Every structure is written in C-alpha cells, then in structure tokens.
Amino acid sequence: MKCQHCEKPATFHITELTGGHPQELHLCEEHARQYLTQADGGEEPGGVSLASALTQHMKVGQTAEELARLDQRACPVCGITFYEFRSQGRLGCPHDYYFFAEELEPLLVTIHSETAHVGKRPRRAPTGSETRMELIRLRRAMKEAVEKEQYERASELRDEIRQLEDSHRHDAGAAAEVVEEGEGSPKKKNKRSGRKP
Amino acid sequence: MKNDVDLSKLMGQCGEWLRGSGPESDIVISSRIRLARNLADFPFIRRCTEQDRANIERTLVEKLESVSELRDALYLNVARLKSVDRQFLVERQLISREHADAQGARSVAIDAHEEFSVMVNEEDHLRIQLMKSGLDLEAAWDQINRIDDIIESQVTYAFHEQLGYLTACPTNVGTGMRVSVMLHLPALVITRQIDKVFRSLQKISLAVRGLYGEGSQAMGDFYQISNQVTLGRTEANLIQQVKEMVPLLIAYERRAREFLMRESPKDLHDRVSRAYGILCTAQTISSEETMHLLSSVRMGVNLGLIENLEIFTLNQLFIQTQPAHLQKIRGAELDTADRNIERATYLQQHLRKGNYGENPKSN
Ligand SMILES: [Zn+2]
Ligand SMILES: [Zn+2]
C-alpha cells in the first residue's frame, strides 16, 4: 500500500478516533511524523490520542521488516493480529494484554507514564482464567466451523463449550476466595521493568 | 428486561445533576465518574460475534436486575429504541453518542434519580457512570465504588495482577476510571483567556473538551475537565488531581466576571439583557444560538443582572431545547425548521410568563 501523500510505501496505519467517526490513514514514516506533530493539539477527549501514542511507539527503532513480522502475530484466544490492533486502536480480548505484553509496554508508558496498577482490586479471586480463555477460543473456533460448513465439528465444539460453561458456573458459585498472587494470569511469562510508583 | 418502556417517565422529571444546587453550582454544573469493566470470559466488544454480544447482554442485565440498587432502574434495550429516543438519552448524558450510534445488542440501566447509569456493550462490556450536581466527587466515588463492588460480586471481571482492570482500549487500563467535572466558563470565553487556561491544564495531563459541541468546540460555554492517565495511580489520587484544579478554574472565572463587571458593566449588562430579550421574543431559533444566549443569561442570573429566574430553570432549558427533547415534548417528529419554531415557542413559554417549571423534588 502506498502512502496517501506520496509514492513511498505506507508503513504507518493510523486510525484517528478523535472526530467521533474513525478515520483510516495510511502514511509513510515522514508523513506520519508530520501528521503527528500537527495532530498534537487536538487530543482525544479524556485521553492521550491513542493514534499518536501508537505512532510514537512504532518509531522506536523498528525496521519495516520487523514491523511486518510483528503485525502478523495473532492472539491465540481471539485471533486479533497486532496489525488489526494497531489500525483499529482496540484490543480483542483480555488475553491480548499477556500475549502482546512486550509490544504494549512501551505504549502504556507513553500513555500513562506507568506500568503498574495501584488502585482498587476485585475482592474475589479471578479464578479459572484458563477456562475463560479456552471458552473465548472455543466460541471462535465454533463460529469458524459454521462458516466453513463443518457442522459436525461445530456441534462437537458446542458440546465442549456447554460443558465448560457449566463447570465454570459451579466454580463461580464457590469462588469467594482471597486473591492469590499470580492467579488470574493465563500465561505468567510477562516480565516487566516498568517504573514502580 | 422491561423492554421498550416509553421514556415518558424520564420526560416528567429532570436529572439530579441538573438541580443546580450542589457546592459551587453557579460555575460547576456537575461531577461525574465513569468506570470501564469487562467480563473475563468474553472477547472485547469489537471482537465479539452477534451471539457473544447477545450473551453478554443477557448475562449482565440478569445480574444487574438482581442488584438491589438497580431493582427500580429503567432498563432500556438501546438497539430497539427509535433514533430520536437514543438521541434523547444522549442529550440527558445517560448514554454516550457512541452507544447511541453503535450496532448490535446493547442496553442501558438508568436509576430513578438519573444519578447513575450502566451501559452494557459500549466500548467495554460495562460502563458504569455516576453524576452529581455541583462539585461532589467524593460522594460520587463512594456510590460508584459500592455499585461496582456489588456488580463484581455477581460476575468475574477481566483483571490483570499488574495492569489492573483490562479494557478494550489501552488508554483506560488500570483503574478504568474517568473523573470529570463540567464547568460553565462564559467570562473566560468572553475575555479570551480560555485557551491559555486549557493549555496549562493539558501540561499537567488533564483533558479538556467542550460539551455538546463537535470536537473541542464548546456550545453554551460548558467545558469538561478530566484525567487522562488511568494506570499507576489510585482512584483517590485521580480524583484529587481533577478536584484540586477546580477551585483554580472557579477563581479564574470569578476574576474574569469581576473584571467585566468593573471594566465594562454596561457592555456586560447589555449582552445579558439582549440575550434574554431574544430568547423571550424570537419566533424561530437554532440550537446553537439558544445555547449561546442561554449561557449569557445564566451568567447574568449568577451576577444578579436578571432577577426572578432560577438557575435550575436555565439548566433545564439547556437540555430541553435540544432536538430530541423538543420532539419528545411535542410528541412528533420535527424537521430542523419546525424544531426552530417549536424551540422559540418553548423558550417564550418558560422565560416570559415567569413560569419557571417545577422545582426538583428533593429525595
Ligand atoms: Zn508519504
Ligand atoms: Zn485476544
């Protein structure tokens, strides 16, 4: 894809969400930088413009090839690719915060200047996260099976989903436990060196 | 879900936050806190299938109805509302414009006093919001925190050990909280100091936006300031950050009003009187002009330049002269030209005859 303003390839795909209606922009690095500096004034209501944070974040030492490779990574739970997140500005599921942890960290620093939550925590332990992620994944797989007209596969999947939902409902009834360190992380592989408050 | 209830219940009343009676309510219109929450076992909204959205809506509405604070709430299936009714809810600030314009299963629960509303399937699965008249953020936090606790006892929120509450947009992650205060700042606009004030606010990472207008354009000189950061600070801290700026803004606005009263009292009085005159006598008037003139009149009342007119009446007129409200009041669909005539008539009735509407019921 070419840049909207010149002949160079577009390496920055920005969705501007400020005006109420999302607006797609495809720009080369130079025009992206230019766009950024002029867009600086009009902030998204109640937040740092996500588009500008994303673009800033992408500038930090990534070659086009690295970016292309990164863009193709897809969340195993909801299937969103990093490219889709980058262009839509919205994540696909809770697991994305684990799966794209490394990519999101500099973005969070740009937006919030911090990487650790210090506020309120749920009283109940978020138990059974593995099951929850599995549920999201299975529902997606079922939809795909239906789309491909693999009805037998789809009905198998539906049974699996029902079973999980049932067991999960029973869990939830007895889940008034105290929060344990490390619970709630489907994959505890995110290492962070963010500033602590 | 009590479905498609007509909105007449809301028509006959006015939101608590419009009472115009809270602390500093001549300048601070309202305080608002919003929390973004998501269920742990569904994708975020943009990634949901229709089936997912329907499941989320059913689950959440069922759970919300079991909450005692929400038992008497009005549940509205937003997807099935007519466009004028959705617009009506936006004008009352009970749902966001995005929620009104979106596609697919979505709803809203509104409490009887219109103090809090819970949007289901907005950008996040849950958007809980609480509004108070005047400057009253602590009370707003106490209430919304309790409602959040109760909802959380029924469902499992998406929560990350390090990052806190997980949201569809990384700009909301952590507390998921947006604290905002709506201010009426006409004198800062007249004296052309508003941009300067806002630039300094942005430097300390507070966001400013005009209310009702498109983009940053403010209609009726209403501005909303809110926190930009949601991660790495406590809720109390975020509230404090917004709250401590408010007395400064109030002081700036008061100083600008005093300046106008001192340096050009005739001009100021003239501006207020003309505005009042037009509102009382116009035969056709646009929404923009109405907001603009009501703003001058509101300041005039606060400065004692107009008597026998209550702030509460004016606060109401700001809302009731908007397009969807006029059509609901009239009970008919009206095009722009007809609305402008209807608006002029409505203003005459409520400003001229000294008929200033009912007083708000105290609870
Ligand atoms: Zn270019
Ligand atoms: Zn995902």
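Computed from a predicted model, the values in this text were never measured in an experiment.
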Heavy-atom pairs under 4.5 Å with chain A, option from Arg233(B), Met177(B), Glu123(B) with the top count
Glu123(B)
Smallest heavy-atom separation, Thr230(B) atom then Thr171(B) atom, equals OG1-O, 3.3 Å
Please check if the side chain of Arg90(A) supplies one atom and the backbone of Phe44(B) the other of a donor-acceptor pair under 3.5 Å.
no
For the candidates Thr167(B), Leu206(B), Leu39(B), Leu238(B), which exhibits the highest count of non-hydrogen atom pairs separated by less than 4.5 Å from chain A?
Thr167(B)
With heavy-atom distances below 4.5 Å as the criterion, would you say the side chains of Leu138(A) and Met142(A) are in contact?
no
Check for me whether Arg139(A) meets the cation-pi criterion with Phe42(B), that is, NZ or CZ under 6.0 Å from the six-membered ring centre and within 45 degrees of the ring axis.
yes
Bottom line for Lys120(A): the part with an atom under 4.5 Å from chain B's heavy atoms is both
Chain A heavy atoms under 4.5 Å from Ser180(B): which part of the residue, side chain, backbone, both or neither?
neither
Looking only at Cys48(B), Ala158(B), Ser153(B), the option with the highest number of non-hydrogen pairs under 4.5 Å against chain A is Ser153(B)
Between chain A and each of Asn38(B), Asn145(B), Asn237(B), count heavy-atom pairs under 4.5 Å; write down the option with the most.
Asn145(B)
Contact part of Asp52(B) toward chain A, heavy-atom cut-off under 4.5 Å: side chain, backbone, both or neither?
side chain
Ion pair present between Arg86(B) and Glu91(B), side-chain N to carboxylate O less than 4.0 angstrom?
no
Over-ring placement of Arg37(B) relative to Tyr165(B), 6.0 Å and 45° cut-offs:
yes
Hey, what's the ring geometry for His160(B) with Tyr98(A), parallel, tilted or perpendicular (30° and 60° as the breaks)?
parallel
Could you tell me which portion of Gln51(B) (side chain, backbone, both or neither) has an atom closer than 4.5 angstrom to a non-hydrogen atom of chain A?
neither
Contacting region of Val173(B) [heavy-atom separation from chain A under 4.5 Å]:
both
May I ask you to check if Arg73(A) and Phe99(A) form a cation-pi contact, with NZ or CZ under 6.0 angstrom from the six-membered ring centre and within 45° of the axis?
yes
Which portion of Glu84(A) sits near chain B, non-hydrogen atoms under 4.5 angstrom:
side chain
By a 4.5 Å heavy-atom criterion (distance strictly below it), what part of Ile225(B) contacts chain A: side chain, backbone, both, or neither?
neither
